[in-house]
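Heads up, the thing below is written out as C-alpha cells.
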Amino acid sequence: MKVWVDQDICTGDGLCEEQCPSMFHLEDGLSFVHAPGLQPTYRGGAGDLAEIPDHLFDAVLEAAEDCPGECIFIEN
Ligand code: SF4
C-alpha cells in the first residue's frame with residue numbers, strides 16, 4: 001500500500017506528523033510523505049506517493065482517518 005497527501009487541501013495542523021513522524025513531514029505549513037529516498041516536493045495537488053512499511057500501516061491509517069483536511073490518501 002502507498003500513501004500520498006494532497007497539499008492543496010492540507011490545513012497544516014500537523015496532526016499526521018505527530019501521529020506518524022516516520023511517514024509525514026511538515027514543511028512550510030504543508031504535509032508531505034516522508035520516506036527514505038523520497039524528497040518532499042510540491043506537485044500542485046497530487047503529492048508524492050510513498051510505500052508504507054508494514055509496521056507503519058496502522059499509524060498511517062489512523063492519521064488518514066483523523067486528518068481534518070481529509071487529504072491523506074492510501075491506495076494500492
Ligand atoms: S493531518 Fe491532514 S490536514 Fe493536517 S497536516 Fe496532516 S495532511 Fe495536512
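As a basis for the values below, the full set of heavy atoms in this structure was taken, side chains included, without hydrogen atoms, waters or symmetry mates. Just so you know, ligand 1 is whichever comes first in the structure, and atom 1 is the first atom listed for that ligand.
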#### Entry: Closest approach of A59 to C20 (non-hydrogen atoms, all atoms of both residues)
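Looks like CB-SG, 3.9 Å.
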
### Query
Minimum heavy-atom separation for F24 to E17, with atom names?
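Heavy atoms only, the tightest pair is O-CG, 3.4 Å.
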
Suppose I only count heavy atoms of [X] and a 4.0 Å limit; which atoms of ligand 1 are within that range?
X: C16; value: 1 (S), 5 (S), 6 (Fe), 7 (S)
X: P68; value: 1 (S)
X: T11; value: 3 (S), 4 (Fe), 8 (Fe)
X: G69; value: 3 (S)

### Message
With a heavy-atom distance limit of 4.0 Å, tell me whether C71 approaches ligand 1 through its side chain, its backbone, both, or neither.
### Response
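For C71, the contact with ligand 1 is made by the side chain alone.
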
### Query
For ligand 1, does D66 get within less than 4.0 Å through its side chain, its backbone, both, or neither, judged by non-hydrogen atoms?
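Within the 4.0 Å criterion, D66 makes no contact with ligand 1.
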
### Message
Nearest N/O/S atom of D13 with respect to atom 4 (Fe) of ligand 1, by atom name, please.
### Response
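Closest N, O or S atom of D13 to atom 4 (Fe) of ligand 1: OD2.
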
[atom]: which protein heavy atom is closest, and how many Å away?
atom: atom 2 (Fe) of ligand 1; result: C67 SG, 2.3 Å
atom: atom 8 (Fe) of ligand 1; result: C10 SG, 2.4 Å
atom: atom 5 (S) of ligand 1; result: G14 N, 3.3 Å

Are side-chain heavy atoms of [X] and [Y] found at a separation under 4.5 Å?
X: E75; Y: L49; answer: yes
X: D66; Y: Q19; answer: yes
X: C67; Y: L15; answer: no

### Task
Report the distance from atom CD of Q7 to atom OG of S31, rounding to the nearest 0.5 Å.
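Result: 7.0 Å between the selected atoms.
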
### Query
Roughly how far, to the nearest 0.5 Å, is the CH2 atom of W4 from the CD1 atom of I74?
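Going from CD1 on I74 over to CH2 on W4, the span is 12.0 Å.
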
